Amino acid sequence: MCCKYTKFLSFLKNITEFINFTPMNKSEISITGTLKEEIRCILKDSGACAVGFAKAAPVDSREWDRFCSWLSRGDNAGMEYMHNYPDLRRDPRLLLEGAQTVISLAFSYYPPQWRPKDIGTIAAYAYGRDYHKELRKLLKPAVKEITAKFPEAHFRICVDSAPVLERYWAQKAGIGIKGDNGALIIPGYGSMVFLVEIITDLAIAPDAEACGDCGHCGACRRACPGGAIEEDGTIDCRRCISYLTIEHRGDWSLPESIATMRTEAGRKTIFGCDICLRVCPHNRDVPSSPITAFHPSETMLSITETDILTLKTEEDLRSLAVASPLSRAGVAGLTRNVSNR
């Protein structure tokens, strides 16, 4: 009897290493140990190069003040939607009833091959298929598998679909540090990554917040054609080629925007800019993305300014660059970009 009792106590001890719980209330469940790592493995098997967990809570005052300062300076340029839903952006718990955890994931898009330099610049993130759809497609089976283990749990996948400060949460979840250009750097994988958040009412034990800095070599600031990188690591979009060639609608009218697009880099750009990423030492000798949907198609490696100027309709664009992020700029935006010579 004594032996059986000892084995029973040992069994209870092992269980509590995996999950500490109060049966009265699901919101008080705290998933730790082996079960937590099983969740991480399931999500990493979807193709993520990093997965971390943070406690769902309001964004801290320092980071929130930095975001509000960015808006007050007008550095968001024409992205007026950044003013929308401040309560949701400040507190992710408002995005899902009973939210307990923010899961942060990074997916590499580092290309196995680059476009020739003399045919016009396209940012590497646009080499493959549209990441919004592809990442949801990758994550849905993983979330389904986790739900099978926790049938009462709820999840919300956020791929630029909700007002979330994704780089803040990625650092909170311990998966990377911010570079001087504001990009998140994943150790061993660099900063050419897509970030995704999964908000859940499962209370998963948080990982340690990522600490440290990028090294402050200054390469990104020196290389930025428009001088868009602020001292606090935010971006003045009025001087950013990426914003000006993708998000901006109509002609460039602000003096600083016109000056940026008259630089050599601006005049050579078809869509987007990743100069500050390509010069970053953290992006040297990193592996290419294992996700083939993000690998460049032959079209994206060879499309030229002349090809863009032949486009007449949005359907022409969709046919030329199937499922590509290029559609974000539209025919009008792309034509404006390549006519800037």
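Everything numeric here is computed off the predicted structure, so don't read it as measured data. By convention here, the first residue in the shown sequence is residue 1.
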Can you tell me if [X] uses its side chain to pair, donor with acceptor, with the backbone of [Y] under 3.5 Å?
X	Y	value
Trp169	Glu197	no
Asn76	Met79	yes
Asp180	Gly218	no
Thr245	Gly272	yes
Ser108	Tyr110	yes
Arg129	Ala126	no

Is it the case that the side chains of [Y] and [X] hold a donor-acceptor pair, with the cut-off being a distance below 3.5 Å and no angle test?
X	Y	answer
Thr260	Arg238	no
Thr234	Asp75	no
Arg267	Thr263	no
Asn283	Tyr189	no
Thr310	Asp307	no

Item to complete: Please test Arg221 against Asn181 for side-chain contact (heavy atoms from CB on, under 4.5 Å), starting from the C-alpha separation and ending with a verdict.
Response: CA-CA 7 Å; Arg221 285 197 171 91; Asn181 59 353; over 6 Å; no
Looking at [Y] and [X], is there a salt bridge between them, counting it only when a charged N and a carboxylate O are closer than 4.0 Å?
X	Y	result
Lys268	Glu264	yes
Glu305	Arg341	yes
Arg62	Asp60	no
Arg40	Asp45	no

Practice prompt. For the residue pair Tyr131 and Phe194, categorise the inter-ring angle as parallel (less than 30°), tilted (30 to 60°) or perpendicular (more than 60°).
Written response: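 Plane angle under 30°, so parallel.
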Worksheet item: Closest approach of Ala210 and Ile177, non-hydrogen atoms and distance?
Response: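 Taking every non-hydrogen atom into account, CB-CG2, 4.1 Å.
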Fill in: Phe107 side chain near Ser46 side chain, heavy-atom distance below 4.5 Å
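A side-chain contact under 4.5 Å exists here.
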